[in-house]
Amino acid sequence: MLDLKLIRKNYEEVRRRLATRGEEYAKLLDRVYELDRKKREVQKRVEELRALLNRKSKEYGRLKREGKEDENLKRELSELKARLQELEEELRRLEEELNDLLLRIPNLPHPSVPVGRDESDNREVRRWGEPPKFDFEPKPHWELGEKLGILDFERAAKISGSRFVVKRGLGARLVRALVNFMLDLHGRRGYEEVYVPHLVRPEALIGTGQLPKFEEDLFKCERDDLYLIPTAEVPVTNLHREEILREEDLPLYYAAYTPCYRREAGSYGRDVKGLIRLHQFDKVELVKITKPETSYEELEKLVADAERVLQELELPYRVVELCTGDLGFSAAKTYDLEVWMPSYNRYREVSSCSNCEDFQARRMKLRYKTADGKKFFCHTLNGSGLAVGRTLAAILENYQQEDGSVVIPKALRPYLGGIDVIKPQKD
RNA sequence: GGAGGGGUGGCCGAGCGGACGAAGGCGCGGCGCUGGAAACGCCGUGUGCCCGUUUUACGGGCACCGAGGGUUCGAAUCCCUCCCCCUCCGCCA
């Protein structure tokens with residue numbers, strides 16, 4: 001949520017920066033600005049009227065205790081109250097509309113973010129590793145997985161429909177190995193491991209920015225008014241919602257493994273095959289809660305921590321800085337990590353690391369207090385470290401051999417009882 | 001699912017129609033005591049919003065005792081609805 005005071009004070013600048021995400025947001029901002037002006041006007045009148053009513057009411061009480069009831073005053077009070085109630089109703093409507101609109105305005109991009117329309121304007125920051133060269137035609141991971149008997153899309157569809165997968169045998173064990181490997185790695189780098197609920201209340205989703213705007217993307221348990229988490233970012237960042245943390249406790253580092261559930265509405269026909277886009281996938285998520293002064297250095301460190309996973313798995317990747325038009329709703333700045341995928345002959349996203357500054361903190365009233373008692377909103381950051389399914393896909397594709405077998409990355413072998421290669425099942 | 005008990009300031013906890021932004025304690029800040037500290041004593045210490053000014057401060061106003069509605073001239077306090085938490089029983093991995 002943007003700071004209304006900032007909108008009032010630096011209207012033109014906010015409008016200009018917001019417009020780099022798309023013109024429509026500038027128009028939204030215009031409505032917010034006007035609504036805010038009107039709201040304050042009505043609020044002022046309401047408060048004046050209420051002050052008058054309070055004063056006269058006290059006066060009435062005093063008289064009554066002295067045994068001097070004043071029927072005229074009583075009538076006057078009733079009339080005042082009736083007028084006040086009308087005005088209050090108007091104020092309530094204005095506040096509601098203003099608040100709803102405000103929750104639908106995305107975060108301001110950081111000044112360093114390249115201005116652009118979409119994915120094609122993102123800026124490559126660096127590359128690591130060499131894409132492998134094959135002297136045969138590399139197969140896509142779903143073919144490899146099915147041949148190896150570790151991925152079963154057909155049976156998944158039977159029980160749950162499209163965009164689900166069953167992993168079996170070494171496929172299932174690889175997921176467990178990857179999760180453990182990632183959590184161990186991040187644990188050593190100072191992240192506290194947390195295990196969190198996968199069903200959350202609407203307030204939590206408002207806090208991180210998925211609601212009210214992106215209801216369509218979520219699975220909802222209607223009866224209980226709970227949502228399946230689309231990312232661990234939601235429960236983890238909300239751990240401290242409405243809290244006032246102590247300055248000396250910051251920054252906080254968390255790492256969580258959770259499954260993630262996404263409806264993928266509007267992505268029909270995209271990535272219909274394989275592990276890339278599923279309704280349910282596994283992810284290890286990193287979350288940081290920091291002071292404003294340090295959030296950008298913390299972002300760089302967060303990216304480095306996510307990169308470390310790919311480096312240890314020896315998977316070639318690149319780091320991309322998202323442009324304004326491609327930036328997520330809550331993010332002020334985002335780096336994506338993209339891993340090399342031979343069958344696509346391109347890099348594909350396995351991690352997205354964002355600094356949300358105080359955008360989420362404001363929505364969830366997450367603050368910290370300095371030694372002298374001043375309170376400020378925290379900054380929140382999150383990043384995948386990493387998306388497990390896509391990492392598994394990348395391993396299958398990058399480590400494949402001509403006979404369809406797949407070599408296990410060295411870093412993972414201790415987690416798989418020393419197994420160093422998966423061979424196709426004989427049929 | 002059944003029965004009961006609760007939700008009050010950063011935290012604990014009292015209040016149960018006006019004198020209540022709310023006792024007391026803890027915590028925090030200041031001062032005193034001390035060689036220094038602990039203990040002790042005294043003083044201070046909520047948040048949000050709106051308006052104004054001499055605009056990182058001060059003054060005024062309004063709101064806030066889980067949320068929303070109601071009764072009343074007046075509600076933390078009475079009534080209704082909802083939400084949440086806890087305990088016991090049932091069910092259950």
A.B. asks: Taking only N and O in the side chain of A/R62, is any of them less than 4.0 Å away from OP1 or OP2 of B/G18?
C.D. replies: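 For A/R62, the contact criterion (side-chain N or O under 4.0 Å from OP1 or OP2 of B/G18) is not met.
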A.B. asks: Which of residues 34-43 of chain A sit near RNA chain B, with a heavy atom under 4.0 Å from it?
C.D. replies: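 Contacts with RNA chain B under 4.0 Å: A/R40, A/Q43.
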A.B. asks: Specify the separation, in whole Å, of atom CD of A/Q85 and atom P of B/G69.
C.D. replies: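 In whole Å, B/G69 P lies 10 Å from A/Q85 CD.
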A.B. asks: Calculate the interatomic distance between A/I244 atom CD1 and B/C11 atom P; express it in whole Å.
C.D. replies: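 Checked: the CD1 to P distance equals 8 Å.
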A.B. asks: Distances under 3.5 Å only, N/O to N/O: pair up the protein atoms with those of nucleotides 52-58 of chain B.
C.D. replies:
none

A.B. asks: Within less than 4.0 Å of OP1 or OP2 of B/C50, is there a side-chain N or O belonging to A/R8?
C.D. replies: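 It does, given that an N or O in the side chain of A/R8 lies less than 4.0 Å from OP1 or OP2 of B/C50.
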A.B. asks: Name the pairs: protein N/O against N/O of nucleotides 25-28 of chain B, kept only if under 3.5 Å.
C.D. replies:
none

A.B. asks: Show the distances under 3.5 angstrom between N or O atoms of the protein and N or O atoms of nucleotides 74-81 of chain B.
C.D. replies:
{"residue": "B/G74", "atom": "OP1", "partner": "A/K81", "partner atom": "NZ", "Å": "3.0"}
{"residue": "B/G74", "atom": "O4'", "partner": "A/S57", "partner atom": "OG", "Å": "3.2"}

A.B. asks: Side-chain N or O of A/K58 versus OP1/OP2 of B/C73: is the shortest distance under 4.0 Å?
C.D. replies: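 Looking at the OP1 and OP2 atoms of B/C73, neither is under 4.0 Å from any side-chain N or O of A/K58.
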A.B. asks: Within this structure, what is the CG-to-P distance between A/N54 and B/C50, rounded to whole angstrom?
C.D. replies: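 Rounded to the whole Å, the gap is 20 Å.
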A.B. asks: Rounding to a whole Å, what distance do you find between A/R367:CZ and B/G48:P?
C.D. replies: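 For the pair A/R367 CZ and B/G48 P, the rounded distance is 6 Å.
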A.B. asks: Between atom CZ in A/F376 and atom P in B/G48, what is the gap in whole Å?
C.D. replies: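 My rounded result for the distance is 12 Å.
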A.B. asks: Pairs in or reaching into residues 324-338 of chain A: which pass salt bridge (charged side-chain N to carboxylate O under 4.0 Å, His left out), with residues at least two apart or in two chains?
C.D. replies: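 Passing the test, one end in residues 324-338 of chain A: A/R318-A/E338, A/E321-A/K333.
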A.B. asks: For A/E247 and B/G29, what is the distance between atoms CD and P respectively, to the nearest whole Å?
C.D. replies: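 Between P of B/G29 and CD of A/E247: 13 Å.
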A.B. asks: RNA chain B in dot-bracket, Watson-Crick or G-U pairs under 3.5 Å, [ ] crossing, | other strand?
C.D. replies: ((((((((.[[[..)..(.....]]]((((((.......))))))((((((((...)))))))).[[[[[..)....]]]]])))))))....
